[in-house]
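Just so you know, ligand 1 is whichever comes first in the structure, and atom 1 is the first atom listed for that ligand.
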Amino acid sequence: MLATTHFLSREQARSHGPNPAEASFGVSIPIRMKKTDLLVGIIGSGGRGANLGRMAHRPGQGARIVACCDMSPATLERNRADYGPDLFTTHDHRALLARGLDAVIVSTPDFLHEEHAVAALRLGLALYLEKPMALTIAGCDRILRAAQKAGARLYLGHNMRHMPFVRKMKELIAGGAIGEVKACWCRHFVGHGGDFYFRDWHAERRYVNGLLLQKAAHDLDVIHWLCGGYSRLVNALGGQTLYHALPGRDPATPGPRKVSFTEAQLTGFPPTAARGLNHRIDVEDLSTVQMRLDNGVFATYAQCHYTPDYWRNYTVIGTEGRLENFGNGEPGTYLRLWNRRASWKDRGDVTIKIPRARGSHGGADPGIMTEFLRFARDGGQTDTSPIAARESVATGCRATESLRHGGIPLRVPPVPARLAAYFKI
Ligand SMILES: NC(=O)c1ccc[n+]([C@@H]2O[C@H](COP(=O)([O-])OP(=O)(O)OC[C@H]3O[C@@H](n4cnc5c(N)ncnc54)[C@H](O)[C@@H]3O)[C@@H](O)[C@H]2O)c1
């Protein structure tokens, strides 16, 4: 069973003995307050890292970006323009970590998360780590252990937990709107998949393991959150059904890079017209996962990377109703609740409009960064959870293994008990 995470600072842990999970919450514990801005560094400061940096950079208001690490000189040049000429820039994450920072954002490609996260946590730095946590279950557990050992504050970038439509679904379910949850179905329409996931490292198993981690880590986490449990048994089917057969680019020539969301709107449809894809494509573009959670809930997740539209649709079914989202935060997003008997009622019994929130990812990004900066400074409760992040990767890993072995059912190992207790699930 899962709950939101409580995580204590090292000061709190010390004041409560060796096991911070033994501490009670809601009591007033003195916390060393920093009066100045948190000094924040970014490893992987292009792409998503640039977006996160812009949100974290709040000079005079609690946090400032003072160091960036990226392999691309052009990215570091842009970082200097964004954060000022005094910014420390480097290609070596170890040089960044030696700068006496308070907090680090890791937004490198997935296969580097484990190395970069463990290096930051060992120094006791507060860490914002992008999803998916790591490529393997063992990698996730190594990150959890590093945080535990150093007493460092570990935070995972599962920003969907800060999307207003997801939060409203969670609130309604917690309030009993559909009774006891029994099932959840998620259809994930990854329009423009060819533009975002099949042009660069995302297309290769060695860098992502599979798109049931790289892409679905978000949704598996949302399914777990809405249903109040973690997957313990999975099976999956899927395959390479389209992109692998299209002409790829010459591996000797650099790029073409992934396109931006705006550019993706302009690229052609149907996806069979896509050109210049990654020279190696060995991840699946179509998949379906079935899950049984530890609380008896059954869930399914389906992902397709070449739909014309780009959004996710969740249906949660309980003993007293059904809740479904339409839209993911765009203007006009709403939820529908069915809680009376009817043969077919496309409008449901209740419609809940989701007000538009400002900021990227349906308004989730400003919210998640504010939560991280508060957590980095003060510790305390957060809506994202390192244990839940690990469980979404564990589910994605085992589902990927299943679909690559004919759909066999596989058990998802729980987090080792001592670690789970430390992070207090
Ligand atoms: N939470 C979200 O909504 C969200 C959205 C997009 C991406 N992401 C995550 O963010 C991460 C980055 O994705 P992206 O789309 O920005 O990828 P990207 O390839 O566009 O950017 C990755 C950046 O890391 C840099 N980099 C690569 N190797 C490095 C190294 N060894 N040291 C330092 N920098 C290095 C690259 O130069 C690049 O600037 C991924 O893990 C992805 O899953 C999360």
Show every donor-acceptor pair shorter than 3.5 Å between a side-chain atom in residues 124-139 and any protein atom, with sequence neighbours excluded, or say none if there are none.
from: Glu130; atom 1: OE2; to: Arg48; atom 2: NE; distance (Å): 2.8
from: Lys131; atom 1: NZ; to: Gln214; atom 2: O; distance (Å): 2.8
from: Thr136; atom 1: OG1; to: Gly139; atom 2: N; distance (Å): 2.8

Ring pair (Phe, Tyr, Trp, His ring centres under 6.0 Å) partners of Phe111, counting only residues at least two apart: Tyr207

Sub-4.5 Å side-chain heavy-atom contact between Leu293 and Phe298: no

Among side-chain atoms of Asn278 and Asp200, is any donor-acceptor pair under 3.5 angstrom? no

For ligand 1, protein residues within the heavy-atom limit of under 4.0 Å are Gly44, Gly46, Gly47, Arg48, Cys69, Asp70, Met71, Ser107, Thr108, Pro109, Asp110, Leu112, His113, His116, Glu130, Lys131, Pro132, Gly157, Asn159, Trp201, Gln214, His218, Lys258, His361

Which residues pass the ring pair (Phe, Tyr, Trp, His ring centres under 6.0 Å) test with Tyr243, sequence neighbours left out? Phe198

Trp311 versus Asn313, side-chain donor and acceptor atoms under 3.5 Å: no

